[in-house]
Each structure stands twice: as C-alpha cells, then as structure tokens.
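For reference, the structure is listed below as structure tokens.
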Amino acid sequence: MTDVLNTPTTSTADARSEGRHRTLKAGRIEVNGHASTFDCMIRDMSERGARLVLKAVWIAPEKFDLLVLNPNTGKSDRHACLTAWQKGTVIGVRFTD
C-alpha cells in the first residue's frame, strides 16, 4: 500500500488505466467481517476502482469491502477493495473482485 496520507507521486489520471465516471452515490465501507461500517460518498467510479469521500478523517485499512447502495432499486453491489491512496477524507481504491 502506498503512503495513505499522501497522494501518489504520479498524477492520478496517469496512474489509472481507464477513466472514471463522475457519480454521487452513497456507499458503506465494511471492515472486521462486516461488523464495523463507515458511510461514504462515491464521487467517481470505474470498473476497476473509485474515489470515496468520508465525513471525517479515518485512516482506511489496506483491505475492506465497499457496499454501493442503490436506493432506487433496493439492490446493492459489494466490491472487495485495496486502498491505493488517501489524503484526508478522500480515498482512492482499486477493486480486487
């Protein structure tokens, strides 16, 4: 995992293999076997990763699950994630599933 308090040295756009699409979705970070959860907003997303915004600073673990909520359908998607970078309340993740 890269230093979670600083963004990568290369630009984020250059480090990604595909572009992300802007979004404003509710999400939930799940850790400890889904026993602990932290709400977040998903600000952009691709098939391989996402940029999350937390309500408060919290150091994200290296691995966690992201639950993407869809209130319109009542369904949700779960992605296994690796923290790629973190700066304050903003986290870049890579999907591993």
[X] [atom1] to [Y] [atom2] distance, which is reported to the nearest 0.5 Å:
X   : Y   : atom1 : atom2 : value
L52 : M45 : CG    : CE    : 8.5 Å
C81 : D65 : SG    : CG    : 7.0 Å
R43 : I91 : CZ    : CD1   : 14.0 Å
R51 : T23 : CZ    : OG1   : 10.5 Å

**Request:** Kindly state each residue pair satisfying salt bridge (charged side-chain N to carboxylate O under 4.0 Å, His left out) with at least one member in residues 71-86, sequence neighbours excluded.
**Result:**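 Residue pairs with at least one partner in residues 71-86: E30-R78.
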
**Request:** Consider only side-chain heavy atoms of I, L, V, M, F, W and Y, link residues closer than 4.5 Å, and tell whether V68 and V31 are in one cluster.
**Result:**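 V68 and V31: one cluster.
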
**Message:** Quick check: is I29 connected to V57 through a chain of hydrophobic side chains (ILVMFWY, heavy atoms under 4.5 Å apart)?
**Reply:**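 Shared cluster, no.
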
**Residue pairs involving residues 28-74 (criterion ring-ring contact (aromatic ring centres under 6.0 Å, His included); sequence neighbours excluded)** =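 Sorted pair list: F38-W58.
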
**Request:** Could you check D44 against R22 for salt bridge (charged side-chain N to carboxylate O under 4.0 Å, His left out), going step by step and ending with a plain yes or no?
**Result:** CA-CA 4 Å; D44 56 44; R22 292 184 75 182; over 6 Å; no

Side chains of [X] and [Y] in contact at under 4.5 Å (non-hydrogen atoms):
X   : Y   : answer
K63 : T96 : no
L69 : L67 : yes
L66 : C40 : yes
T83 : E62 : no

**Message:** If I compare all heavy atoms of I42 with all of G27, which pair ends up nearest, and what's the gap?
**Reply:**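 Distance-wise, the nearest heavy atoms are CD1-CA, 4.1 Å.
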
**Item:** Flag, side chain of E47 to backbone of G49, donor-acceptor distance under 3.5 Å
**Value:**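 Side chain of E47 to backbone of G49, a donor-acceptor pair under 3.5 Å: no, none is there.
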
